[in-house]
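All remarks here apply to the structure that follows.
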Amino acid sequence: MASPVPLLSLTSGALIPQIGFGVFRVPPEETQRVVEDALEVGYRHIDTATGYENEAEVGAAIRASGLAREDVFVTTKLRNDHHKEQDVDGAFQRSLDALGLGYIDLYLIHWPMPANDRYVNTWRRFEHFAADGRARSIGVSNFLIPHLERVLAESDTVPAVNQVELHPVFAQPELRAFHERHGIRTEAWGPLGQNKYDLFGLAPIRDAAAAHGVTPAQVVLRWHLQLGSIVIPKSSSKQRMAENIAITDFELSAGEMAAIGALDEGRRVGGNPEEVN
Ligand code: NAD
């Protein structure tokens with residue numbers, strides 16, 4: 001049996017399983033089955049968002065699993081069109097109701113949308129959700145360093161995580177170092193590059209896979225883990241779900257980590273947070 005998934009502590013004091021399961025682009029009619037499969041395979045951390053339109057099905061799968069509420073870590077996110085002062089509280093409560101799990105483990109601002117200049121005000125509302133316990137931890141997503149600097153300067157709470165695009169061709173070393181200095185956990189979305197590059201064909205990844213007798217996807221996910229990041233790979237296939245969580249029983253050498261790190265081209269597959277508004 002594989003070693004258990006490591007738990008990382010957050011600024012709130014809560015623990016987050018370092019390997020989670022993402023449900024972006026999982027259609028609502030498939031979500032309950034997919035999440036039930038993920039829980040069966042051993043995932044105890046599910047990442048959804050209001051914008052994915054499958055929160056209710058994620059909640060239904062967790063309730064149907066028979067697992068204790070405290071044994072599953074659930075993240076959801078505020079949608080971009082809910083930042084207006086009068087919208088934030090209602091949007092949060094609707095997520096809470098849709099999930100039907102009593103509380104949310106981690107609530108994130110999905111995108112900063114800097115042109116609207118609302119993210120600091122939104123963050124202050126998030127502080128209330130943490131204070132009243134409806135969100136056990138609060139964090140952000142797609143924040144660049146200047147956005148984080150403002151949140152740190154203008155509020156009392158350090159974001160528990162910043163969930164950002166991160167994979168070997170977009171490795172974000174400066175942002176990760178900033179997080180580390182401030183106690184913010186790095187969470188990698190698109191950890192496999194969303195299948196938009198032939199990451200798995202790149203020599204350092206292929207070679208490490210052959211050396212350890214694992215798949216290239218496992219090498220990429222293991223690279224994230226050894227950098228200290230949280231990963232939330234997505235797959236609708238139960239076999240790949242199992243593959244993606246079975247990454248705790250081998251270790252990449254310093255040389256392999258460096259060779260994979262050298263693939264960084266600073267190239268995003270997703271939107272630039274400065275321009276998503
Ligand atoms: P990903 O990098 O996890 O790639 C997913 C794709 O990789 C799958 O569709 C599948 O085709 C393929 N794949 C998965 N496992 C594989 C394996 N073992 N071998 C070969 N191919 C495999 O991309 P993602 O789904 O976009 O990101 C993961 C999660 O991150 C999402 O589901 C979502 O929860 C989150 N996310 C957040 C944001 C954000 O703005 N905060 C943006 C995108 C995604």
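It should be emphasised that the depicted structure is a prediction, and the values quoted were computed from it without experimental measurement. Order of appearance sets the numbers: ligands from 1, and atoms from 1 within every ligand. The first residue in the sequence is number 1, and the count goes up from there.
For ligand 1, the atoms sitting less than 4.0 Å from at least one non-hydrogen atom of Gly190 are 1 (P), 2 (O), 23 (O), 27 (O), 28 (C), 30 (O), numbered in the order shown with element in parentheses. Short contacts between ligand 1 and Gln163, defined as distances under 4.0 Å to a heavy atom of the residue, involve ligand atoms 35 (C), 36 (N), 37 (C), 38 (C), 39 (C), 41 (N). Atoms of ligand 1 found under 4.0 Å from any heavy atom of Asp47 (numbered from 1 in listed order, with element): 33 (C), 34 (O), 35 (C). Within the listing of ligand 1, atoms 17 (C), 18 (N), 19 (N) sit less than 4.0 angstrom from a heavy atom of Ala217. Atoms of ligand 1 found under 4.0 Å from any heavy atom of Trp111, numbered from 1 in the order shown, are 40 (O). Heavy-atom contacts of His110 reach the following atoms of ligand 1: 39 (C), 40 (O), 41 (N) (cutoff under 4.0 Å). Heavy-atom proximity to Gly193, at under 4.0 Å, picks out these atoms of ligand 1: 2 (O). For ligand 1 and Pro191, the ligand atoms under 4.0 Å from any heavy atom of the residue are 1 (P), 2 (O), 3 (O), 27 (O), 28 (C).
Every residue two or more places apart in sequence or in another chain that forms a ring pair (Phe, Tyr, Trp, His ring centres under 6.0 Å) with Tyr197 is listed here: His167.
Closest heavy-atom approach to atom 29 (C) of ligand 1 among the candidates Thr76, Val26, Thr215, Ile232: Ile232.
Counting heavy atoms under 4.0 Å from ligand 1, residue Gln194 touches it through both backbone and side chain.
For the residue pair Glu256 / His212, a side-chain donor-acceptor distance below 3.5 Å is found, with atom types taken as modelled.
When only non-hydrogen protein atoms are considered, atom 42 (C) of ligand 1 lies nearest to Trp189 CD2, 3.2 Å. The nearest heavy-atom contact from the protein to atom 19 (N) of ligand 1 is Arg240 NE, 3.5 Å. Looking at atom 6 (C) of ligand 1, its nearest protein heavy atom turns out to be Lys234 O, 3.9 Å.
Clustering ILVMFWY residues whenever any of their side-chain heavy atoms sit less than 4.5 angstrom apart, transitively, puts Val161 in a cluster other than the one holding Phe24. The hydrophobic clustering, which links ILVMFWY residues whose side-chain heavy atoms are closer than 4.5 Å, places Tyr52 and Leu78 together.
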Next on the checklist: Does Leu221 form a side chain to side chain contact (heavy atoms under 4.5 Å, CB included) with Ile19? I'd like the steps, not just the answer.
Outcome noted: CA-CA 9 Å; Leu221 294 170; Ile19 309 169; over 6 Å; no
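By the 4.5 Å heavy-atom criterion applied to side chains, Pro112 and Leu144 are not counted as neighbours.
Polar contact with ligand 1: present for Asn142 (N/O pair, distance under 3.5 Å).
Under the 6.0 Å distance and 45° angle rule, Arg150 counts as a cation-pi partner of Tyr119.
Remark: distances from the non-hydrogen atoms of Pro233 to ligand 1 include one below 4.0 Å.
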